[in-house]
Amino acid sequence: MGEMVLAGYGMDKAVRSSVSFETPCGRLLRELEQIWTEIGEREEDKDRMFLELETECMRVYRRKVDSANAERSQLRQSLMAKEAELKVLVASIGEITPKFKVDEKQSLKEQLAKVTPLLEDLRSKKEERIKQFSLVQSQIEKIKAQISDHNNQHDNGPVNHSKDNHDLSTRRLSDLQAELRNLQKEKSDRLQKVFIYVDEVHCLCSVLGMDFAKTVKDVHPSLHGANSENSTNISDSTLEGLTETILKLKAEKRTRVSKLQEIVGKLHKLWNLMESTEQERRHFTRVAAVLGSTEEEITSSSVLSLETIQETEEEVERLTKQKASRMKELVLKKRLELEDICSNAHMEPDMSTAPEKITALIDSGLVDPCELLSSIETQIAKAREESLTRKDIMEKVDRWLSACDEETWLEEYNQDSSRYSAGRGAHINLKRAEKARILVQKIPSMIDNLIAKTFAWEDERSVPFLYDGARLVAILEEQKLRRVQKEEDKRRHRDQKKLQSLLLKEKELIFGSKPSPKKTSSFNRRTSSHHPNGNGAGFMTPAPRRVSAGSATPELLTPRSYSGRYNNYFKENRRLAAAPLNFSTVSKEDSMSSFASISGSEPDSPLVLH
């Protein structure tokens, strides 16, 4: 602004009017000059007023320059003072710090902003260093007192340091910290040992049922009820006393474990022999766990106490007295368990341990009941193992038997003349019949799969697969043969019906057509009314024959029918095989009798098939 005023003042009017006033001050001067021109100020007045403006601007600039010089001097003094303090602090704490260098290119404020954080950091480090020295030295004195067993003299007393506090170098601090770490490690090791020893004493006392508080107080009073590690004595005498106590307790535990394991072994045998219930065993569950455990694994509270050992001995004596009177009952119960397992798996139990033989042997006194019991338990284990190997085949047998039951139901359902009536539940039977027909079609493949599975099982074990005493393969082969025979009988029955139809057609060709409905309508009505099976034309609809054991289609025998009557199975087979009914013979006889009756009748008489 001042420069523009000077330029406007020193120029003539033509030149001043051509000057470009692009700055704010220039625009204001131009506006001022225009205003003066409009007002009609003289050139002399304009120049005077321009000179006054220039003088006023110079005074403002001078004040600003003086203020800036004072601020620069103050910043330089402050910077020099901080640099000096920085050097003193660096020398005091003995820390290697990057030197502060004055950069002429940087302003004083930038240099001051750069040195101030360094100075504040060194001040805080000095205060922290003083605290560290004080803390380290006090801890060293305290730990030394605890290790030497004189900690009561130093717990609350002030710590006096003879060294100069101005020596705050890191080297001196490192030496003190190294000494403190060594003392802390020694203290930690001793505390760890004391805690481990005390815990071990506590566990041993708990297992043996001894008083823990009294045991550790005999070593040192501070070992029981201490709430902090500083109150626990860690001297050499305390560690030695704990070591001796642990050795004594371990020796006592070893003796009691050996004694109790011997007693519990007898108790287990008596439990298994007497088949004691869980209620009877529950009281001695913790004691029973001692038998299969090592000395280190036995940690239950009071399990090795003198009271527990005495109580276990009394239980063994009580069971021993009851053993003799219940041996026969126990052996027979095990035999019943064996028979149940074999019955569920359709196996035959070993007859060497039959109930009557067991009773006779025990009564005679020739065999020890314990040996008999052990033998039966071995047989039970073998039976369970074999039943697992038979599981897959037995499941297939059950599915096959279920299919056979559905087949039997389907045959009875097909013989029911009212099966298509609109009675209650008829739709359910229709659905079941549809499913049964699908299942019956799968029976031959079920039998083939069962035979293949059974052969594989027998080849693997080189023994026959017995089902209730009979070989399963033989039963399945017999079923296949009977199913083939049944299908053949059904085919013959269908052929018989076709032959009867042909005979009827032949009769019609010989004697003419059927009587007219007009001549026979009344008779047909009478016949229909008298014969419930009449079809409205004077003919009797042949009623379906119910299949019986002596019919042409014998009853299908399944393994389910074998159970409980295996001795009758072969008799029935021989009877059926010796005299099977032949549908072709029956068909011819029925046909000839029908033809004879037709020949002796009159042409106009109604035809009735018997």
Participant: Can we say Lys193 and Asp189 salt-bridge, meaning some charged N sits less than 4.0 Å from an Asp/Glu carboxylate O?
Facilitator: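 Salt bridge flag = no for Asp189 with Lys193.
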Participant: If you look only at pairs with a residue in residues 242-277, which of them pass as a ring pair (Phe, Tyr, Trp, His ring centres under 6.0 Å), with sequence neighbours excluded?
Facilitator: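 Listed by first then second residue: His268-Trp271.
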Participant: Under a 4.5 Å cut-off applied to non-hydrogen side-chain atoms, are Lys334 and Leu330 in contact?
Facilitator: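 The answer is no, as the side chains (C-beta and beyond) never meet within the 4.5 Å cut-off.
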Participant: Does any non-hydrogen side-chain atom of Ile298 lie less than 4.5 Å from one of Leu260?
Facilitator: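 Side-chain contact under 4.5 Å: no.
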Participant: Glu262: which residues meet the salt bridge (Lys or Arg N to Asp or Glu O under 4.0 Å) condition with it, sequence neighbours left out?
Facilitator: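 Residues passing salt bridge (Lys or Arg N to Asp or Glu O under 4.0 Å) with Glu262: none at all.
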Participant: Are the side chains of Asn344 and Ser387 in contact, using a 4.5 Å heavy-atom criterion?
Facilitator: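 The answer is no, as the side chains (C-beta and beyond) never meet within the 4.5 Å cut-off.
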Participant: What residues, two or more places apart in sequence or in another chain, satisfy side chain to side chain contact (heavy atoms under 4.5 Å, CB included) together with Lys269?
Facilitator: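 So Lys269 forms no side chain to side chain contact (heavy atoms under 4.5 Å, CB included) with any residue.
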Participant: Main chain of Gly241, side chain of Thr245: is a donor-acceptor contact present, judged purely on distance under 3.5 Å?
Facilitator: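 Yes, because the side chain of Thr245 sits within donor-acceptor range (under 3.5 Å) of the backbone of Gly241.
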Participant: Can you list everything that forms a side chain to side chain contact (heavy atoms under 4.5 Å, CB included) with Ser462? Sequence neighbours excluded, please.
Facilitator: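 For Ser462 there are no side chain to side chain contact (heavy atoms under 4.5 Å, CB included) partners, ignoring immediate neighbours.
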Participant: With a 4.5 Å heavy-atom cut-off, do Ser188 and Leu191 have their side chains touching?
Facilitator: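 No, every pair of side-chain atoms sits at 4.5 Å or beyond.
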Participant: Checking Arg281 against Ser276: is there a side-chain donor and acceptor pair closer than 3.5 Å?
Facilitator: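 No.
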Participant: Scan the side chains in residues 194-216 for donor-acceptor partners under 3.5 Å anywhere in the protein, sequence neighbours excluded, and list what turns up.
Facilitator:
{"from": "Glu200", "atom 1": "OE2", "to": "Lys250", "atom 2": "NZ", "distance (Å)": "3.0"}
{"from": "Ser206", "atom 1": "OG", "to": "Ser301", "atom 2": "OG", "distance (Å)": "3.4"}
{"from": "Asp211", "atom 1": "OD1", "to": "Ala213", "atom 2": "N", "distance (Å)": "3.3"}
{"from": "Thr215", "atom 1": "OG1", "to": "Asp211", "atom 2": "O", "distance (Å)": "2.7"}

Participant: Just jot down the side-chain hydrogen bond (donor to acceptor under 3.5 Å, both in side chains) partners of Thr238, sequence neighbours excluded, or say none.
Facilitator: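 Residues passing side-chain hydrogen bond (donor to acceptor under 3.5 Å, both in side chains) with Thr238: Asn233, Ser235.
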Participant: With sequence neighbours left out, which residue pairs that include part of residues 238-259 fulfil the ring pair (Phe, Tyr, Trp, His ring centres under 6.0 Å) condition?
Facilitator: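 Pairs touching residues 238-259 that pass the test: none.
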Participant: Which heavy atom in Thr299 sits nearest to a heavy atom in Glu296, and how many Å separate them?
Facilitator: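 Between these two residues, the closest heavy atoms are CG2-O, 3.8 Å.
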Participant: Under the rule for side-chain hydrogen bond (donor to acceptor under 3.5 Å, both in side chains), what residues qualify as partners of Glu337, not counting sequence neighbours?
Facilitator: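 Testing Glu337 for side-chain hydrogen bond (donor to acceptor under 3.5 Å, both in side chains), a comparison that skips the adjacent residues, returns Arg384.
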Participant: Evaluate the side-chain proximity of Glu141 to Gln137: yes if any heavy-atom separation is below 4.5 Å, no if none is.
Facilitator: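 Sidechains of Glu141 and Gln137: no contact.
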Participant: When you compare the side chains of Ser352 and Lys357, does any donor N or O come within less than 3.5 Å of an acceptor on the partner?
Facilitator: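 No - no donor-acceptor pair under 3.5 Å links their side chains.
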Participant: Are any non-hydrogen side-chain atoms of Thr170 and Arg129 less than 4.5 angstrom apart?
Facilitator: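 The answer is yes, as the side chains (C-beta and beyond) meet within the 4.5 Å cut-off.
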Participant: Which salt bridge (charged side-chain N to carboxylate O under 4.0 Å, His left out) pairs, counting each pair once, include a residue from residues 297-313, with sequence neighbours left out?
Facilitator: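 Only Lys259-Glu313 qualify under salt bridge (charged side-chain N to carboxylate O under 4.0 Å, His left out).
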Participant: For the pair Thr308 (side chain) and Ser302 (backbone), establish whether a donor and an acceptor sit closer than 3.5 Å, ignoring hydrogens and angles.
Facilitator: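 Yes, Thr308 side chain to Ser302 backbone: donor-acceptor pair under 3.5 Å.
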Participant: Sequence neighbours excluded, which residues qualify as side-chain hydrogen bond (donor to acceptor under 3.5 Å, both in side chains) partners of Gln279?
Facilitator: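 Once residues adjacent in sequence are excluded, the partners of Gln279 under the side-chain hydrogen bond (donor to acceptor under 3.5 Å, both in side chains) criterion are Arg282.
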Participant: If I compare all heavy atoms of Ile341 with all of Ala383, which pair ends up nearest, and what's the gap?
Facilitator: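 Smallest interatomic distance, heavy atoms only, reads CG2-CB, 4.0 Å.
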Participant: Mind checking whether Asp236 and Arg190 have side chains closer than 4.5 Å, heavy atoms only?
Facilitator: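 Contact flag for Asp236/Arg190 side chains = yes.
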Participant: Please list, one pair per line, the donor and acceptor atoms closer than 3.5 Å that link side chains of residues 449-458 to other protein atoms, with sequence neighbours excluded.
Facilitator:
{"from": "Asn449", "atom 1": "ND2", "to": "Ser445", "atom 2": "O", "distance (Å)": "3.2"}
{"from": "Lys453", "atom 1": "NZ", "to": "Asp392", "atom 2": "OD2", "distance (Å)": "3.1"}
{"from": "Thr454", "atom 1": "OG1", "to": "Leu450", "atom 2": "O", "distance (Å)": "2.6"}
{"from": "Trp457", "atom 1": "NE1", "to": "Thr389", "atom 2": "O", "distance (Å)": "3.4"}
{"from": "Glu458", "atom 1": "OE1", "to": "Arg471", "atom 2": "NH2", "distance (Å)": "2.7"}
{"from": "Glu458", "atom 1": "OE2", "to": "Phe465", "atom 2": "N", "distance (Å)": "2.8"}
{"from": "Glu458", "atom 1": "OE2", "to": "Arg471", "atom 2": "NE", "distance (Å)": "3.2"}

Participant: Just jot down the side-chain hydrogen bond (donor to acceptor under 3.5 Å, both in side chains) partners of Arg256, sequence neighbours excluded, or say none.
Facilitator: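 Counting only residues at least two positions away or on another chain, Arg256 forms a side-chain hydrogen bond (donor to acceptor under 3.5 Å, both in side chains) with Glu252.
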Participant: Testing the basics here: between Met347 and Pro349, what is the closest heavy-atom pair and its distance to 0.1 Å?
Facilitator: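 Where Met347 meets Pro349 most closely, the heavy atoms are O-CD, 3.7 Å.
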